[in-house]
Peer 1: 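Sharing a structure, written as structure tokens. Questions coming.
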Amino acid sequence: MGDLPIPASLHDCPVVESRPVGSYRLVSFVAREVAALARPGQFLMVRAAGYSLDPLLPRPLGVHDIDSDLVKILIEPVGRGTMSLASLRVGDRLSVLGPLGNGFSLTGAGPALIVGGGIGAAPLTLLARALAERGRHTECLLGFKTRGQAVAAELFRNADVEVFTEDGSMGSEGLISEPLPECLRRMEAAEIFACGPDPMLAAVARTARDCGASAQVSVAAHMACGVGACQGCVIKTRDGYRRACSDGPVFPAEEIAW
Amino acid sequence: MGDLPIPASLHDCPVVESRPVGSYRLVSFVAREVAALARPGQFLMVRAAGYSLDPLLPRPLGVHDIDSDLVKILIEPVGRGTMSLASLRVGDRLSVLGPLGNGFSLTGAGPALIVGGGIGAAPLTLLARALAERGRHTECLLGFKTRGQAVAAELFRNADVEVFTEDGSMGSEGLISEPLPECLRRMEAAEIFACGPDPMLAAVARTARDCGASAQVSVAAHMACGVGACQGCVIKTRDGYRRACSDGPVFPAEEIAW
Amino acid sequence: MVTLETKLGSLKLKHPIINASGTFDVLEADKVLQADLFNEFPFAAYVPKTVTMQPRTGNEPPRLYETAAGLLNSIGLANKGIESFIAEDLPRLASLPVPVIASIAGERTDDYGRCSEMLAGREEVAGIELNVSCPNVELDGKALGCDPGRTERATALAQAATSKFLIVKLTPNVTDIVELAQAAASGGADCVSVINTVHGMALDPWTLKPVLGHTTGGLSGPAIKPVALRAVYMVSHAIDLPVIGMGGVTTAQDVLEFLAAGATAVAVGTASFRDPLPGARLAGELVDLMEVRGIDSVKELVGRA
Amino acid sequence: MVTLETKLGSLKLKHPIINASGTFDVLEADKVLQADLFNEFPFAAYVPKTVTMQPRTGNEPPRLYETAAGLLNSIGLANKGIESFIAEDLPRLASLPVPVIASIAGERTDDYGRCSEMLAGREEVAGIELNVSCPNVELDGKALGCDPGRTERATALAQAATSKFLIVKLTPNVTDIVELAQAAASGGADCVSVINTVHGMALDPWTLKPVLGHTTGGLSGPAIKPVALRAVYMVSHAIDLPVIGMGGVTTAQDVLEFLAAGATAVAVGTASFRDPLPGARLAGELVDLMEVRGIDSVKELVGRA
Ligand SMILES: Cc1cc2nc3c(=O)[nH]c(=O)nc-3n(C[C@H](O)[C@H](O)[C@H](O)COP(=O)(O)OP(=O)(O)OC[C@H]3O[C@@H](n4cnc5c(N)ncnc54)[C@H](O)[C@@H]3O)c2cc1C
Ligand SMILES: Cc1cc2nc3c(=O)[nH]c(=O)nc-3n(C[C@H](O)[C@H](O)[C@H](O)COP(=O)(O)OP(=O)(O)OC[C@H]3O[C@@H](n4cnc5c(N)ncnc54)[C@H](O)[C@@H]3O)c2cc1C
Ligand SMILES: Cc1cc2nc3c(=O)[nH]c(=O)nc-3n(C[C@H](O)[C@H](O)[C@H](O)COP(=O)(O)O)c2cc1C
Ligand SMILES: Cc1cc2nc3c(=O)[nH]c(=O)nc-3n(C[C@H](O)[C@H](O)[C@H](O)COP(=O)(O)O)c2cc1C
Ligand code: FES
Ligand code: FES
């Protein structure tokens, strides 16, 4: 996926904003080079700079948004790494490696459907904007567990967004896999771009195949190096194990062995 | 030394001030119970509250000052524990166990000489005030490596303080062991109270013995529990190993096996 | 409704969290801490510091050094000797509302039998833990706990001397800890404790000489949790005795994981230095973690990994 | 004037910091990172990922999990096989400005001889590291690196097959690592690497099942530094060969301490995941630390603990 890889490097970045967005946390930091280079679907390896050796390693986080020199990430605090990143405050510093990974390929044409599940929505804002800039008709289906997460949909601003929650506390009730086929047909969408939990991505892959659309999916895996060196982040594909960090994180849906 | 032990407990304390004092850092936090109970020479086991498991354990720090509900500590950043404490900012929280240890015994009488070396001066401010309140003529000899540390002498406010630095960059040049005998004689001091590096404490012990004064010294040791449970903080005394945390940190100088 | 009550062999525990030997001293804590320890004891059993036949002054200081998420210690089994322990401490421990598990170590293999015999008639003692694994002393020449034959013999001697609940505490500093667990089982142990500290060392950052007076020490704390969890998992799958899991337990989540890995009870050591009375708090938080997972009892939890 | 130049047996190194096998891949890094790696290589030698006779796909994912100040991995020696390594990678590595130390592991003891023979004639290869200690695979039945006899034999086979600088990489997962070091020395090793990862395990916090697809894994990073430092100290005092120290090296202070403990060179593994090119930075900082201590050369530093 994506185009030619762009050189990544390690950046020391001051946090300039950190605010809650529902149960997520939106953190902005200054990172001029990353802001200039990053493309939709790429990710960063992010950790707090400082004396502590715990958490030890950076965590992979999607580039959520770019605003001149500022890079924004959206964090779901699920474990010690993300919790400690979510607890950083203005003035704290981040160590950031990136931009990394292939990102979404934007060479296609025709109507595009963006599908996001939970925190998987984070990197899709940048993508929605990039597709719109390319003049492609784009709609977004975003699915969340509950309202506390779903309020993150507001971060998609001008995009055409439909929200689903499992408990019906915001938008329509249900999983996005349900409206997906109907929506694809209505839009006559040629291409799906998806990021979210594995079962959602598998459903996207199935639906795309059934409807004759192509699909690009961004997968998740535990990572250590983020640059293809450790073989730690592999996922099962039709060609055997491939690295989520440097062969991905975006893959053509049909390549993944679900 | 000291009087009856006073029950200690674990407190969650917000930092309300953190500012440099030369190369040290003065940190104030709210800890009503500690403020009410702590006596000169007692210490606290202090760590940052939060997700990180590194640094793992609290560090022993003397109670430097008390101001109604506020407790103040003076930190010399020498390693990862003290550096991470020194990097905390207003709003961060501390986990504080204390007050701990016996503290200085204040039951003596007559002129008192306070001797502090480097960061060993930290707990002596409270002591200087307590001795003055008891109407005892008190003078302080404070020795430092260099000016960056010696500016901490200003924290002794109204006390009668003489400063020495090894490089002569502030106060008189030299080690405090040099003026010590002369000062003791001039003051006709009955008692010395000292805290600082071991060689300094040993010099104090020798001089006190030679001049017929008594001396209480506060010793340092690596600690884990701070409450007498782990046997980790022992120092050599005439009665064999004794715990710096619960048998000390203040000992009669003649008991220590230098 | 979640219940934390559990049985460790013949011992009834009100919850699965006990203290690790050498890291919590109720007699000292009672003097220093604001807590009513003899009425509301925070752990489900009390394990005092290991005692030996003769009093020991312990190793040369410094005895402690913090490492990344870990603690090195080289206390060297400083203790007042089993006679003073029996005469001075046991009577006071009698009024604790929880079972007392005495911990003993031998200078020679025979000592395990002799110490057990001395404790055999004492009602205050519910169980005996044989510490065959302290890395900070070389009692009896080479570490007894690394040798299956001698571990079995020490256990058998203790077993012959007393009918009390017998626990053997294993060292991780061996090629195959399962072999040692099997030796303890063959010797007649009722339970094994897994693990004692991991061999380690630190240099003073400035002088570059060993920090610890004893040169090397034992590593404990969160740093060794993965090592301990694996040992608990391996041992509990290999032998039929209950396992007390320990090594880095700091949070209720850690307790949950050690139980899932196969421990029937869990001991807290180094974490007591972050919070001096963690037992009751961890038990409370454990209930919450079990509730959200729909797990009703410790029994259901043990070994579910 | 501080000089960092050092000799690791017959290898000349411009400074004492190299990379640990499996944690840094110059061919991948050159694609991804903004750095002129083939001209300014950040380490003093390059050790590629271990290769085996046959290609290996490696273990079932997940293969990584972070623990307190540590990292568990169960990669399982995923590699393209020694033939592809020789055909595809070696020619490209030839232009590196530092010595290349190939790392090999055997499915059977004989493989160490066969792989060494295949590399013997290759000019690009300055040295060979025998990885007898990967905890994530059970090649050849039981771990060869825990058995002194087989470690000696594997070393002797390699030694017979090549005159290249021969390093044996030891596991800490044994009762006595010195015994294994002595076996490597008897087999004809020129150097030993100390240590590979420590056995460990983690459970998923939510499901309470083993996180790693392979159930257990190898622990690395600062958490194991005390274990590694002790091993380096013990081994370097016991045998006459140079030691490459590794295990948790993250800062220049760590490098200093490993050298003081007895290592002649130091390898950086997990820390490369915090900073992808730490070698040159650490070397620079090391100079400062040596200067303030009045230490002029690595030689003066090695073993001074
Ligand atoms: C390419 C990529 C982009 C990502 N973008 C974002 C983002 O924009 N915002 C965001 O909040 N999260 C994102 N994630 C997920 C994030 O990296 C993980 O949630 C994080 O690594 C968990 O670390 P932790 O220490 O908080 O949790 P841990 O304590 O390590 O684990 C908590 C739980 O999360 C699971 N987990 C741990 N590490 C990962 C991982 N790397 N990937 C998936 N699950 C994991 C564990 O199995 C466990 O159940 C992304 C992941 C990838 C691979
Ligand atoms: C009763 C008592 C009161 C103290 N009061 C103060 C105070 O008010 N302000 C203050 O800044 N410091 C005080 N100290 C010293 C402080 O506790 C140590 O500097 C601190 O523990 C070092 O931790 P670290 O992680 O920063 O250093 P480390 O990285 O652990 O070590 C850095 C250096 O400090 C030495 N060191 C480590 N721990 C200790 C220790 N507990 N005692 C002495 N040396 C140690 C090491 O040998 C090493 O050389 C006090 C110590 C005691 C025992
Ligand atoms: C300071 C200290 C003293 C210890 N003393 C003993 C002891 O006397 N007997 C014993 O069996 N274990 C002793 N241990 C080991 C602990 O009981 C426990 O097995 C080990 O520390 C691992 O648990 P943890 O990581 O929770 O501390 C001691 C540990 C520490 C840190
Ligand atoms: C992800 C990963 C992969 C590794 N792969 C190898 C390997 O292929 N061959 C090998 O000899 N050691 C391998 N190791 C072990 C390291 O080379 C090193 O010995 C160990 O990690 C300790 O060093 P560290 O704490 O600096 O990482 C690997 C370690 C990690 C973390
Ligand atoms: S994270 Fe190391 S190869 Fe992908
Ligand atoms: S620090 Fe534990 S006994 Fe003093």
Side-chain angles (χ1 to χ4, degrees), chain B residues 4-12 33 37 42 45-60 78-82 84 95-102 219-237 239-247, chain C residues 19 22-36 48-49 55-79 204-206 211-213 217 220-223 225 248 250-251 254 269-278 281:
Chain B
L4 269 185
I6 289 170
S9 51
L10 196 65
H11 308 278
D12 176 43
E33 219 175 329
L37 295 175
Q42 285 196 296
M45 293 294 281
V46 184
R47 64 178 172 88
Y51 300 107
S52 180
L53 294 171
D54 179 65
L56 181 65
L57 300 183
R59 296 296 189 273
V78 296
R80 285 193 307 129
T82 45
S84 78
S95 163
V96 175
L97 178 69
L100 297 167
N102 53 6
V219 301
H222 297 218
M223 291 185 184
C225 72
V227 298
C230 74
Q231 310 286 341
C233 63
V234 297
I235 56 157
K236 273 187 198 149
T237 74
D239 299 336
Y241 290 135
R242 296 186 68 197
R243 294 162 300 191
C245 68
S246 54
D247 299 321
Chain C
N19 73 293
T23 60
F24 175 70
D25 183 330
V26 68
L27 301 176
E28 291 296 328
D30 192 53
K31 275 192 269 175
V32 176
L33 298 177
Q34 240 171 42
D36 185 11
K49 171 91 187 156
R56 292 175 53 90
T57 54
N59 290 327
E60 181 90 355
R63 296 178 174 180
L64 295 170
Y65 197 71
E66 186 175 313
T67 64
L71 173 67
L72 273 175
N73 89 78
S74 59
I75 309 297
L77 293 187
N79 79 92
D204 183 277
W206 178 251
V211 175
L212 300 176
S220 62
K225 181 185 147 191
T250 307
T251 63
D254 295 333
T270 302
S272 295
F273 306 149
R274 285 169 61 92
D275 171 353
L277 302 170
R281 179 178 55 72

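Worth knowing before you read on, the calculation uses all heavy atoms, side chains too, and leaves out hydrogens, waters and symmetry mates.
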Peer 1: Shorter than 4.5 Å, heavy atoms on both sides: which option in Ala68(C), Ala29(C), Ser272(C) has the most such pairs with chain B?
Peer 2: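 Answer, by heavy-atom pair count under 4.5 Å with chain B: Ala68(C).
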Peer 1: Against chain C, label Leu10(B) side chain, backbone, both or neither, depending on which of its atoms sit under 4.5 Å from a heavy atom there.
Peer 2: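 When you check distances to chain C, only side chain atoms of Leu10(B) fall under 4.5 Å.
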Peer 1: For residues Asp25(C) and Leu27(C), report the shortest heavy-atom separation together with the two atoms involved.
Peer 2: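 Looking at all heavy atoms of both residues, the closest pair is OD1-N, 3.0 Å.
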Peer 1: Do you know which of Leu97(B), Leu53(B), Val227(B) has the most heavy-atom pairs under 4.5 Å to chain C?
Peer 2: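 Heavy-atom pair counts peak at Leu53(B).
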Peer 1: Where on Met45(B) is there a heavy atom nearer than 4.5 Å to chain C: the side chain, the backbone, both, or neither?
Peer 2: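 Neither part, no heavy atoms under 4.5 Å.
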Peer 1: With a 4.5 angstrom heavy-atom cut-off, is it the side chain or the backbone of Asn79(C) that approaches chain B, or both, or neither?
Peer 2: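 The answer is neither part of Asn79(C).
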Peer 1: Once side chain to side chain donor-acceptor pair (under 3.5 Å) is applied, what residue pairs with a partner in residues 62-71 of chain C remain, sequence neighbours excluded?
Peer 2: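 Qualifying pairs, neighbours excluded: Arg59(B)-Glu66(C).
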Peer 1: Counting distance only, does the side-chain N/O of Asp54(B) pair as donor-acceptor with the main-chain N or O of Leu56(B) below 3.5 Å?
Peer 2: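 It does not hold such a pair.
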Peer 1: Can you name the side chain to side chain contact (heavy atoms under 4.5 Å, CB included) partners of Arg47(B), sequence neighbours left out?
Peer 2: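 Testing Arg47(B) for side chain to side chain contact (heavy atoms under 4.5 Å, CB included), a comparison that skips the adjacent residues, returns Pro58(B), Ser95(B), Arg274(C).
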Peer 1: Shorter than 4.5 Å, heavy atoms on both sides: which option in Ala224(B), Cys225(B), Cys230(B), Cys233(B) has the most such pairs with chain C?
Peer 2: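 Option with the greatest count: Ala224(B).
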Peer 1: Could you go through the side-chain contact (heavy atoms from CB on, under 4.5 Å) check for Lys31(C) and Val26(C) one step at a time?
Peer 2: CA-CA 9 Å; Lys31(C) 275 192 269 175; Val26(C) 68; over 6 Å; no
